[in-house]
Each structure stands twice: as C-alpha cells, then as structure tokens.
Amino acid sequence: MRIVCPYCGARDAHEFAYLGDAAPTRPDPSAADAVDAFHDYVHLRDNPAGPLDELWYHAAGCRRWLVVTRDTRTHAITATVLAATAEASS
Amino acid sequence: MSRLSSGGLVDRTRPLAFSFDGRRYGGFAGDTLASALLAADVRLVGRSFKYHRPRGIVGCGTEEPNALVELRSGARREPNARATTVELYDGLDARAQNAWPSVSFDVMAINGLFSPFFGAAFYYKTFMWPKAAWEKLYEPAIRRAAGLGRVADAPDPDAYDKAHAFCDLLVIGSGPAGLAAALTAGRAGLRVILAEEDFRFGGRLLSEAAPLDDAAPVAWVERTLAELASLPNVRPMPRTAIFGVYDGGTYGALERVADHLPIPGAHAPRQRLWKIVATRAILAAGAIDRPIVFGGNDRPGVMLAQAVESWVGRYAVAPAKALAVFTSADAAWETAFAAHDAGQQIAAVIDARAAVAPALLEAAKRRGLRTVLGGEVRSTAGKTLSSIEVFANGRSERLAVDGLAMSGGFSPNVHLTCHHGGRPQWNDAIAAFVPGAAPPGMVVAGAAAGTYGRSACFAEGAAAAAAIAADFGRTAPAFDAPRGVDAATGLSAFWHVEASKGMAFIDFQNDVAAKDVKLAVKEGFTSVEHLKRYTTLGMATDQGKLANVPGLAVLAKASGRTIAETGTTLFRPPWSPVSIGALAGHHRGRDFRPLRLTPSHVWAEEAGAVFVEAGPWLRAAWFPAPGETDWRVAVEREVKATRTAVGLIDVSTFGKIDLQGPDVGRLLDRLYVNTFSTLAPGRVRYGVMCREDGFVMDDGTTARLADDRWVMTTTTANAAKVAQHLEFCLQVLWSDLDVQAVSVTEQWAQISISGPRARDTLAGVVDDPAGIAAEALPYMGAVETTVMDGVKARIFRLSFAGELGYEIAVPADRGEALARALMAAGAAFGITPYGLEALAVMRIEKGHVSGPELNGQTTAADLGFGRMVSQKKDSIGRVMATRPGLVDPARPGFVGFRPLDRTQRLAAGAHLLARGAAATTDADLGWISSATWSPTLGHAVGLGFIAGGAARIGEVVRAWDGLRGTDVEVEVCAPCFYDPDGGRLRG
Amino acid sequence: MRYSLLNVVVNGLTGNRFTGPAWRDAAPKPAYDVVIVGGGGHGLATAYYLAKEHGIRNVAVLEKSWIGSGNAGRNTTIFRSNYLLPGNQPFYEWSVKLWEGLEQELNYNVMASQRGIVNLIHSDAQRDAYARRGNAMRLSGADAHLLDRDAVRRMMPFLDFDNARFPIKGGLWQPRAGTARHDAVVWGYARAADALGVDIVQNCEVVGFTRGPDGSVTGVETTRGTIAAEKVALAVAGSTSRVAKSLGIRLPIESHVLQAFVSEAVKPLVPGVVTFGAGHFYISQSDKGGLVFGGDLDGYNSYAQRGNLAVVEDVCEGGMAVMPLIGRVKLLRQWAGLCDMSMDGSPIVDVGPLAGLYLNTGWNYGGFKATPASGWCFAHTIARDEAHPLTAAMRLDRFRSGRVIDEKGVGAQPNLH
Amino acid sequence: MADALSTCLPHHPLPRGRHGAATGPAGICLARREASVATLAARRGAVAATLAGLADLLGLAAEDRPVAVANDRATVLGTAPGRWLVVTPAGDDPEATLAPLAPVASVVDQSGAYVLFELSGPALADLLASLVAVDLDPSVTPANAALTTTVAHLGVTLWADGPDCCRVLVGRSLALAFERTIVAVAARHGVDLA
C-alpha cells in the first residue's frame, strides 16, 4: 500500500504508524459526563466497511500526523492531508 | 536418446552434464531439467503424495504438479523444485523425492492397495481409537509418509537481494500479447517493465512451429527483443515471476538471478525480490492446457499436449517413441502435426468429438496420421506408460504407445486477477474461467483473457497498450503485427471419461480422483470451498492450476449444477511458490535488525565489558575484573564500589526530546500527571505520563534549562512511543500550542556517575568546578556548562542508583572521550564502571520502578504515585483513571518483599499466596516483578504487586514459584530498601 | 451414522454405498428457541453444547455462505492456554481440556495433536515475564515449563543458536498445547450438532433484526425470510460491527487483517509450535508437511481479507532469523482473516446489550483455540441468561468499569494487541 | 550476507578498504564526512519569517518542501513542514550561527547526532534502487530532492550531490549498521570503505 504524504510524496505504508479512526475528538475533561464521554472516545468505534478518515503518523519521514481517507474494503486511498493544518500554514 | 536430430532452441554446441538419482546424463544449454530427462528417456521422476504412485512429467512450466525433485545438496538442498522450470546447468545434481528406498521401488506404494479405504477425508472418520493412538501411532506415521522433499541440512549460505522498481506500465508475460503490448507502450515512450518468468522471452512462440513473417516465430521474437532493449524507457526482466498483486499498484516479483548456475557468482545474490510499483499493468500470462480425467491418466508418459509441443518445438525432444493424442480441442491436432513434422511418431489422434473441422482431418490424412473421432481413452497400462485402451464406435482397442498427449481445452492464467478478490467468470464458449474484476490498473490481454489465436493476441495486447498510452497522454504508433497463419482453436468441453477403468485422477500430486469428488458430494461437501478442503483438491504445490477446472466439472455433474453455478475457489498469492529466503533478503542472522551502539561503546569494549542486547541497543551488562569468572561476583563488586566510592555507566540510550517554545509548560502539564509549568529554570523534575485510558505509559525526568527551553528524558524502551505521543498531542489534540519538539536522543551522550566520590570525580572534568558545588548544583539541579576544555555539556544532578550522582551530557561524538576522562578523573577515588546488571540491583534496592513495573497494566496509584497526580489540572489519562476498576482498593499495589529466612533467594515471576493457601488462580494475591540479591543488605530483595498494596505492609505471604519449584515465605515491606529518606542523594 | 473402522472398511468395499451427508442441508423454519448468527466454529460449537449440555435443540445456525468460511477456515490451527491474566487463563485451560477429548466427543477426527508450544526467550526481562506467566498457568491447573537454552536446543536443534541478532536464552514450554485440523473442527461440530437436531442453514445471510415494542430482539430478517427466535446469539467474527450497527450498537471493536502463510509440503522438521520472542514470527508444521506460519497484524482497519507485502517480508525476516535453514523452502500460499480486535485484546462474551441478544465477539486473532470453550460458555450464557464463571471477566461493561483484560499492556489500541 | 559481515561482529568496526567483489573498480564508495548539523523548526505560523531569516543569514533561498538548497556556507534540507536540517562545515556551532533566528524558530544542535556519509560510484543508482522505496525518476523526484525515509530498517535523510554521488545523514548510534547494510547490499558491485 502506498500513501501520498502531503509533504514527502508517495511512500510505502510501512513508513507510517497507524492510530485509527480520526473522527473521535477528545471530550471536555471538565464536563459532568466526562467519564462516559471519555469511555466512548477511547473505546467505541464505528468500524465501517467503507471509506474511513484515519490518523496515520509518518514516523520514518516528516513525522507529521496525517488524516488519510481510505476504503477499508478495498484499501483505496482517496485523500491525505496534514492533521494539523496550522502546521503547514505560515 | 530421444533428442531430435535438428531444430529446437537448445544450443547443441554447449553440452551440459547433470545427474539424477545418482546417474549421470547429458543435456544442452537451453534445456530445462525436464526436457533433458525426457531427452535421456527418463520417465519416472517422482511419487505421488498419498498413494506414492509413479509420477512422470506432465507439464512444461510452473503448472507442473508431478516432476518435483530435490535440487542440489547439503545447505543448498532445495525441496520440491519443478524439473520443468529448473534451467539446466553443468553439474546439476537432482534427486527424486518422497520415495523410499527408490523412486522405482517405493515401499509406501502399498498405500495404493488400500486406496478403496483411503478415499477422500477417510482420516476424519477413523484413527480415533484408542484415544492416545492418534498422536502416538497414526499421526507420526502419516507425517512420515506425507511431505515431499527434505529441507536443507544447514543455514542457507546464499544471499538474497531486494530492489524496488517503478513504471507506468508493467507487462506480465512475453508471448504474442505481452510482446505486442510492451513494444507498443515502449514506442509510445511509457516507462515499461516487461516481466517474463521463463529464462527466455517469447512464451508459446518459442514452441510453436507455424511461421511468422515466413520464418520461425523465434526470429520475430528476437527482433522484437532487440528493439525493446534499444529503448531506454523499457526494462525487459527475464527469469522474473510476478507472484502477487498488492495494494497501491505494488507487484511482488521474484527474479531468479543465479538459479541457473551451480552456485551464485562471487557476492552475487541467488534471487532478488522486486517490489514493482506500476501505475498500470497488462496481464498477458497466457493459458495452460487442461488434463482430461480418465483411468490411469496419472501414469508417467501421459502429458499435456502443450508440453509435447514444447518438448518437440523448443527443446527438440521426442517425448515418446510412439505418441497418441487424446483431446477435444483443435490445438492438440496442430500439436500432433508439428510433432509429426519434427520427427515424433504419432500413433493416433483420438478426439472425443464426433466431428472436427475437415481441414484438420485433411491435414492428418496428408501426414498419414490415424484419427479416431468420438473416441475416449478408458485406461492405461505400464509402470511408465506402455499402452492405452481406446474406446470408439462401440469397441475397445488397446494401442501400444509410451506417450499420450492430452488436452481438454485451455485454462487462462487468471491467477493474478484474483489477488484483490476478483472472481473469475465462467465462459461457456471456450469452456473456461476468464478474468472477472481485475485489480485496479490491471487489464488482461491474449490467452489469459480467453482470447486464442496469435493475430487476436497480437491485436489485443497492442490495443490494450495503446489505450493505456493514451491515458498517459501519449500516442502509440500502430502495431505492425507479423504475418502468419492462425492455428485452429475450436474445442468442445470434455472433462471426464465416465467409463474409465481404474483410478481417474483430477489432482495428480494429491491423489484426488473422480471418485473422491463424488464421495464428497454424497457427504454434502458441495460448496467448492468445502470440496477443496475435504478432498485437498487444488491444494498441492500447483495450487490447482491443472486440477481446479476438471474438478469443478466433476463436482458440477455430481451435484446437478453447471460450473457457472458451482463457481470456483479463489487464487491467492503467490502465483508460483517463492523462497522464504528471498522474502527475507539481507535481514538475517546478526543483521536481522540494525544494532545501535552507545557513544562509549569502544571504550567499554576496551574495558572488558560483557555486552547484552537491550532492544535495538547493545549495552554493557557487567565489567568482569581480571580473574572474575562468575558474573555475580563482578556485579557485587560494581555495586559495592558505587555505594562506597563512585561508579560509572553510559545511560545515553534514554530517549531525549528537546522542547522549545512559549507553551512547553502548558504541554507538559497535560502530558504528565504532575505539574511542570512551575518548574524553575535550572531544575529537574521526575514525571509520570499516562495513556488516555488511565494506565501509566512512561516515566522520566524533564529539566528546564531556560525559560523556553526544556529537555525531556524517556525510558529507553519507550523513546519512540513517547516522541510519537508528543507529536500527536501537538499536531492532533492541541495544534494551538506553540511548541517545537525535536528528538535529541542521538545528539547527547549521557554518562552517569554515582557514589560518595561522584562530585570529586566530576570536578576533574568540568571546566568550572565551582559550578557543581553542592549549593551551586543541588539535588535535582541542572546546569549548562563545559567539560574537557570547552566541550558543551549539560549536567543533571540525579541518580538512579540512589547515591550522590550526576548525569553528564556531551555531544555524542565526544561521549567516548568523556567516559575516558571521567575514568581518569575518578581513578584516584576507585571509580568503577558498571553495567545493566549492577544498575538493576541498585534500582531494586532503591525501589525504583522500571520495565517490569511500567508494563502498561499499572496505574499511577498502583505504582505508589497516587499523590503525584495533580487534581488541579487536567492531564492525559486523569479522567479514565477514576474508573472504579482503576481505583479499586483490591488492585495489586506496588510493594517490596524480603524473605523471612534471609538466606533464601527470590525470583521475579513468582506469584504471591497466603500462608497455607492452595496454589490456585483464586488464591493468587499478586506477583514479584523484580528481584535480586542485594550485596548492600546481604539478603534477597524483591519488588512486586500485591492485592491491597501498601496496606499489607508487615504481612507475611509466600512467593510461590511452581515453575522452578520454590516456595519462599516473604515479608511485605515498603519498596525502598536502601536510604529511604534519600539522604545520600542530597549529600 | 456413526464413524468407525468398520464403517470405513464397509464403505471401502462397497464404493461408499453406506455413507451420506455429514449434516442436513436444512431449510430455515419460521421460528426457533435460539438462532445463532454465524456458522463458524464458535457458532456451531455453541449450537452443539446448547443441545448437548442444556437440552435446547430447537436451534438454528445461520451462515451467509458455507460453514467455516470465515476465520475458522483461515487460521493457523493452534490451541494453547499460555495466558497470563486470571480473566483469561482458566477459560483457555478449559478449552485445552475440551480439545483433549474432542475426537471422542464428536466422533470425528479433528486431528487435535498436542505437539506443544515453545515461546522463545531472548532476554532476562522476557524470562521474568514468562516465569510470571508460567506460574499463572500452573495456578490454573495448566502445564508450563521453563526451558534453558540447552533444553530448547535439544528440542529444536535447527534454530539459530550461534549467529542470532537476538540470542535464544530459553523458552516457556506448554506440552499440552498443539494444533488441530481447522476445517474438521467446523465439520465435526456441525455433524454432531445436526445429529442432535440443530438446523444448519447455509447461504442464509442475516440482513436485519425484528424488534419487540420494548426494543428487545425477537428474530432475524434473512435472505431466506424472517425467522423468529426467543434468543438471538451473534457469533460473526469479522462482521460484528456491521451486524451490531443495524441494532444501533457501537462496540469497542475494530476489524483488522491477520495474514497467515503455508509453505510447500516438506518432510517433518518442526516438532511443535514455536514463537520467536524478538520478532513477528510463529510456526508449526501440518500433517501434510506444510510449514504453517504467521506474524503480526497488517496494522490498519480492513475488511479486505487480503494482506500486504511489507508484512510478508517482516514475517519471513523473522523466520530466517530463527530458522535460517528454511531459506530454500518456498511460500506456497498467503491468506488473511478478519479479526475482531477488541480494545483490550480480550474477547467479549455477554448477555445483551439488548434483551434477547447475546454477544460473542472480540476474539482478536485467538479465536480458533477458544472454539470449544467459547461454545461451552456461550451456550451456558444463552441457556441461563448469565455469564459462565469462566467468562465472567469477559463482559462488555469492563471497558466502562476499567476492569480490562489487557495481556499485552498496550491499552485501547487494537492494532497493537 | 557479504563475506566481511559474516566474519566481523556487528559491534566491531568494519575493516576499511575493499569489500565484496574484489575485481575491477569499486562500484560503490562509502566515506564518512565531517559536518555540523542543526534542526531548525519554525515557531507556530513563522515559516515565512524563518525562510526570510535564513535568506538574510546564509544568503540562500531555502524552501518549505523536501528539497536541498545549498551554497558555499550551508546546505538546508527540508525534512517536514516548517522544519529543516541545516548542514554547515565541521567545527561550526550551529546554535550560535543560527541564533539570530531565535525569535521565529527553534534551533537544536545535532552535530553529535548524525554521521554524514558520502555514497558514490557507478553502481549508485542500482544501490539506491535496492535501498530506497521511492521513485527516483527525475519525472517524479526532482534532482534537488531531500529524502527522509528508511533504508533496510534505518532512518536516513539523503540528497544528491552531483552525478553518481549522494550524501546521507545517519544517526550516530546506527552508523556502523549503515556501513554493514551498504557492504551487504552492494557487495556484488564491490564496495570501497574509505
């Protein structure tokens, strides 16, 4: 599998470390239901059979976290962006 | 000697000697082992898997299920080499396998007598009584009988290379379609790779007799190759099999670099694994002939018509003295004609069809060949084929032949199109499976797509390439196809001679006969996958290249369905078997993974260090003094010296991360359970880091060197993990923070000196001794200074060993010099280098947690850091750490242990049981995670976790180690055994 | 019909006249006491023990394709009970005990072969960790032995003891571990369950569920019609999230692919199962002679049942590192199974989360060895509406309570388990 | 494995001189070169300012992409968005040299962290094809590219330095492992260890 890193270009997937679904966002730790919210954030996944926005880390390259849109049935990658858009802008 | 007097593509000026089963034979350059054996009239080359029946050569390439041999010997012995793909070389040495005492007399052939009972899956129904017999009696016997060749005797001495290639178009196969495609795309300027599994380009064109441009087809092949070679954008790769189609247009390929040589040239690899990334691909892998299922069809001498065409046309070998042809396809008639014209005697052409094209009959008549229409072969005779029984027009007749060419039509090589889950589609017109959905970027052309006939294959290959060129915005000149006459390609489906006598085989290697398929159907195994798994049909080393379709045909008939309805099993990588060595490449033995060396390594080796692999690192374990043979003695000496004078160890392997920017303090407060933003410049603080699920991830010290410059240390094991976590926080969670994190693990050599004379020693290397005075650099202080006359250095006052200690960091290229300088400066104080063993002893004496305690299953509270966790701020893991399961007072908590009987030893891995309790899971109170003999205290000490934790201090429990047969009464105590109030650290 | 030596001989002499289907090709009835979704090893074993141990025989096993088409047919056939944590170890030990008598229990030779497993040790820290594990095994009544380097060498002289990057320092040995013929396990349970009256319905895909007014699950919608059921049990490894989604349930599960490999058949070499402690590689040898081996997950969510080349290389590097004499042995076939990877690397066997629903999932890449005990305990859970003592720790709510069973200690990161 | 590797333990320095194929000119030359190195990381949102500062300070137009930009004073390699490795002559104190950039960027001396290798020889293209899983065709990878990637499980940053020559930054603890890799992979070409 090849991932086109927005900075480094096309690289073999083995250069990247995988985290998973990019959708869950860290809940407000001060919220009343924080424990439940964190339970969902840390554990529950849609785990779709189809397109999925995922977090990959280009460990062997630019060490940027990427959001890769990949179909879990075909492994076809349709988009790759830096997770921290602020990082690239100047 | 069956070599034809003329013709073929072997080089008669280059004779080669080889041996098979100890007998010497001769062949020519350009032969395969199979063609050379046939030329030498060797028919019997192996034994089948189950019944050990005699086996000969059936095919002429990768599809060969029978002619498997042990090639070479000793450390280079290769089991299951296909004689049909082994390129002959001078001195080749091969042996028949799976036969004892010999291939001509194999005692295991007795299995054949029991074939009525050894039917499909019989073993699932028996061998069950008595209970123990399966493992003691039956299975060992089965295992001995099963298997094929033997693995080499010793580590593979050859090298295996790996390489990457990139192209616009990968053309797989170099027959008519492949060559036309490569030439068209090459002329259009595409970056083309042409991969051919064979050692010679041309595919079937190398075997066919019918001329191209009024000359032998090989002439056109050579012209085409010459042009391809002249194109800088085209890379022809012979001896290179594309074995797998992976994601992102990545193709796995195996190049047999030196398999055609006795041994690889000096320093050359045996094989090379190519990872080819191709935007597009054209699969032009051709089609292979299909066996017919009839009685005794496995007898040596029965072979594929296509193979006969190759023996005669390409290798100039007459495979038999008298050859019959049994077919339902026109192509086999053409084979008979070509063979006859080349000098092979043809006894008869038997066609299952009642009528064939008049042209064929005419051509046969012209050659005086006997033809039998509407006929079938019902049985064969001879250890190697001596006669066949032909049934036609209501009567049987026995023909004395020693060769039989069979063809029930073709099976397109759709294998690679299945690698992304594409299912082949049944095509009734050609009675074959043709490609279904191919992997992205791949198109199929020629016989592999079910397109037969040369001109059609030329046209299809060229058209596919032209279309792809257009996609790249390039125009391809029209392909100038060579002139030639297309052979007849008519055929009608014919699978199985129902009236066969004797075993009619489908899978030759696995001994799966028609009756086995019928039995499977009768027992309900009608799904193709069940059939395969129940009968082992198609699971042999050819992965069903020959057996699948005939097997499906028998299944379909037996279960009252069509082949389209039964469907087929999926081909999975690899297309042809790939040696494990090639897939591993250079990463073997001591070079399996890169070795990291510490900055002071060369000094340590001079100092006589005994080294140990610590993850990627090689570190000093201990430094035996002259005459010290027992490592325990060395370690005890090192500990005592450190506790009483000063000891030195290289701790550069700790992860180090340089942190700069205005928001570092805020970041650290969120990373660590404790607070860092309040840390003053020039100070160091110990911190504990959790995962979001509330369990501890790592620990270490972080120093604030200046207002906006910090340096964090991580454990050696977690260096990469923490760096990745940190970037996750900065890029994904809180990208508003202005922090630049840079790994400086490699930048700084860090050497720790500990002991009462540490300061005196350090004074000898720092340029400004005043800067390290007790008040100037107190415990947990940090200073940037210089050592060894101006070398940039950072000095941190801390000690894992629990003494007055310093960690001195200098640029890694000066680490060795620093070690030597410190040793010199400390000589007067008895400085002693120590290794990981002594470090472990001292940290256990001090009750410091390390790898065995930071195992990802423990919380800050478990480890006794509960009070460190700041509730004034949020940090990663804080919320989840409040879950009931993580605050349960019954959780195992971190404590120390000492044996009641001080003479007894403790071992990590022992579990804790109450006095008198039975050794059961329910009674399990915890475990000892780290243990050592303490030279300082003169007795064993242990660290570990016990249900209830510190609340149990003072209790007596048992350290039960059933594994090693010890059961020691231990007192639960506080984890710190040495200098609990830390006075020595602050000294 | 009972299999016996006589049966084999008679059929041999009569051209298999006296044999018939191993199980009925049942058509679905309108209603059952229990409908088990998923005709893999776990589903079929559950049906068998429901009928055998709990007398519940009005049971259907619904399989969308052919039975055993999922992970039951794509694994490396190993069973063992060398687990560390009390939430796991006794369960897997019970499974090994069931394996030990499975041929006689099912009257089917599943070729369970206790060839033993050796986890190689390459460092002192690893030895300490394996010692803790080995003692935990013994506490649960399992067998475990700590081997030194020489003992490992005597057992497997072909390993690399002299030129290794990570020298072999010993091993943790469980003699009672072993391998079985994976397809035969499926067929054996199917045949035995069928004999007790269980309906095995193939080519019957569940596309939805019928729900009661209270939201409880009352049956399934299938490609072969609606089927009512008192109880609906899910045993659909690889598809759990998809099936649960139609019930509005999100689970702590990710689907990952694990590759496995088999070499061409060779004469006997590897006596049992060996795992490399410093790389991703484990290996055994089948009765046919093929070297069956594997390594780590591909590492990313996938439903593709297909692996990538980098992992093939990684696994073969591990193989050559410990067994450098297999360089010329050829890889014959690679395949991949879909693993329900849970957030702590341990399975979920539970009542609910909806009334009428029972959950059996999250077996990660360890489902095959669990087949008998999983069926045993899941049957108990379904029949009694309560967790079996051996799966009491495997409840779904452990993630909320924090009582996770994390053998590897890597936390809620499925691809690292 | 090449012969030298089987006789020489991985923690012992490889003998200098010729390895692998002994006949004919060496296909690959591997030499250690001295240099100072620093990581330059722009502060949040200060990429342009950092580039401008670099231009003033070193007189070269570095870019925020993976390319090598060099003049006689320094080579600036793009390694990540807003990040560069600045390679200057040995003995230079890069934190001092780049100090003027402090307000807009973090500077971290890495001179001890890296060993700079020069890889050259007629077989370089073949060797890189074996080592690097990146398409080096000019149509895909520009001649001035700075590649941060892995070769045989080793992290490296490499860039071209004239025809048949490239420079490689390797972590110091892995320098010997890198030499072993080159000797093993290029053995058939003949390797000259300078």
Side-chain angles (χ1 to χ4, degrees), chain B residues 159 161-166 191 264-269 272 275 277 585-591 593-599 601-602 605 611 616-618 652-653 658-663 708-709 735-749 792 810-815, chain D residues 1-3 5-6 9-13 19-23 37 39 41-46 82-83 93 95 105-115 126 128-137 139-140 152-154 171-178 180-181 184-185 187-190:
Chain B
D161 199 8
K162 290 189 183 184
H164 307 87
F166 299 81
R191 292 164 68 197
H267 310 290
R272 179 174 294 119
K275 287 163 274 185
V277 179
H586 293 286
H587 305 290
R588 290 176 51 185
R590 291 196 163 93
D591 294 287
R593 288 292 179 265
L595 183 69
R596 300 184 73 173
L597 299 179
T598 59
H601 175 81
V602 172
E605 192 157 26
F611 293 101
W617 295 93
L618 191 69
S652 307
T653 61
D658 180 286
L659 298 166
Q660 297 187 52
D663 299 325
D708 69 346
R709 188 162 200 181
S735 60
D736 58 315
L737 294 182
D738 187 0
V739 174
Q740 293 78 47
V742 176
S743 170
V744 288
T745 304
E746 290 276 16
Q747 167 65 15
W748 295 100
K792 253 196 307 188
V810 294
D813 52 326
R814 309 306 304 276
Chain D
M1 279 170 292
D3 306 340
L5 303 186
S6 47
L9 293 173
H11 62 282
H12 290 161
H19 292 276
T23 55
V37 185
T39 298
R43 300 255 190 237
R44 188 161 186 278
R83 286 201 182 205
D93 176 353
E95 292 198 9
S106 307
V107 181
V108 181
D109 185 359
Q110 301 275 28
S111 304
Y114 291 105
V115 171
D126 267 8
L128 291 179
S130 291
L131 292 176
V132 183
V134 177
D135 187 352
L136 299 178
D137 188 89
S139 65
V140 177
H153 302 304
L154 293 158
R172 187 166 299 272
S173 69
L174 290 160
L176 185 47
F178 180 73
R180 287 179 72 89
T181 298
V185 176
R188 69 184 194 280
H189 303 300

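Below, read A as the first sequence line, B as the second, and so on, with proteins coming before strands; counting in each chain starts at 1.
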Inset, instruction - Answer yes or no: is there an ion pair linking Lys792(B) with Asp109(D), defined by an N-O contact shorter than 4.0 Å? - result: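 Looking at Asp109(D) together with Lys792(B), the answer is yes, because their closest N to O distance falls below 4.0 Å.
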Selection from [options] maximising heavy-atom pairs under 4.5 Å formed with chain B:
options: Leu9(D), Val132(D), Thr23(D), Thr39(D); result: Val132(D)
options: Arg188(D), Gln110(D), Arg43(D), Arg172(D); result: Arg43(D)
options: Leu154(D), Val37(D), Leu128(D), Asp137(D); result: Asp137(D)
options: Pro13(D), Gly190(D), Ala42(D), Ala175(D); result: Ala42(D)
options: Val134(D), Leu136(D), Asp93(D), Leu176(D); result: Val134(D)
options: Ala152(D), Gly171(D), Ala41(D), Ala129(D); result: Ala129(D)

Legend entry - chain D interface, residue from Val602(B), Val742(B), Asp658(B) that has the most non-hydrogen pairs under 4.5 Å: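 Counting heavy-atom pairs under 4.5 Å, the top option is Val742(B).
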Inset, instruction - Under 4.5 Å heavy-atom distance to chain D, tell me which part of Pro599(B) shows up: side chain, backbone, both or neither. - result: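 Pro599(B) has no heavy atom closer than 4.5 Å to chain D.
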Legend entry - Per-residue contact mode, Trp748(B) against chain D (heavy atom under 4.5 angstrom):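 For Trp748(B), neither part sits under 4.5 Å from chain D.
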Inset, instruction - Examine whether an atom of Val115(D) lies under 4.5 Å from a heavy atom of chain B, and if so say whether it belongs to the side chain, the backbone or both; otherwise answer neither. - result: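 Contact with chain B is absent: no heavy atom of Val115(D) under 4.5 Å.
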Legend entry - Interchain contact, His189(D) with chain B, by part (heavy-atom threshold 4.5 Å):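 Contact with chain B involves no heavy atom of His189(D) at all.
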Inset, instruction - May I ask you to decide if the ring planes of His601(B) and His11(D) are parallel, tilted or perpendicular, using 30° and 60° as cut-offs? - result: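 It falls in the perpendicular class, over 60°.
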Inset, instruction - Kindly write out the residues that satisfy side chain to side chain contact (heavy atoms under 4.5 Å, CB included) with Pro10(D), not counting sequence neighbours, or none if the list is empty. - result: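 Partners of Pro10(D) under the side chain to side chain contact (heavy atoms under 4.5 Å, CB included) test: Arg590(B), Leu595(B), Arg180(D).
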Legend entry - Qualifying residues under side-chain hydrogen bond (donor to acceptor under 3.5 Å, both in side chains), relative to Thr181(D), sequence neighbours excluded: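 Scan of Thr181(D) (side-chain hydrogen bond (donor to acceptor under 3.5 Å, both in side chains), adjacent residues dropped) gives none.
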Taking the side chain as C-beta and beyond, is there a heavy-atom pair between [X] and [Y] under 4.5 Å?
X: Lys162(B); Y: His586(B); value: no
X: Asp161(B); Y: Ser130(D); value: yes
X: Pro616(B); Y: Arg593(B); value: no

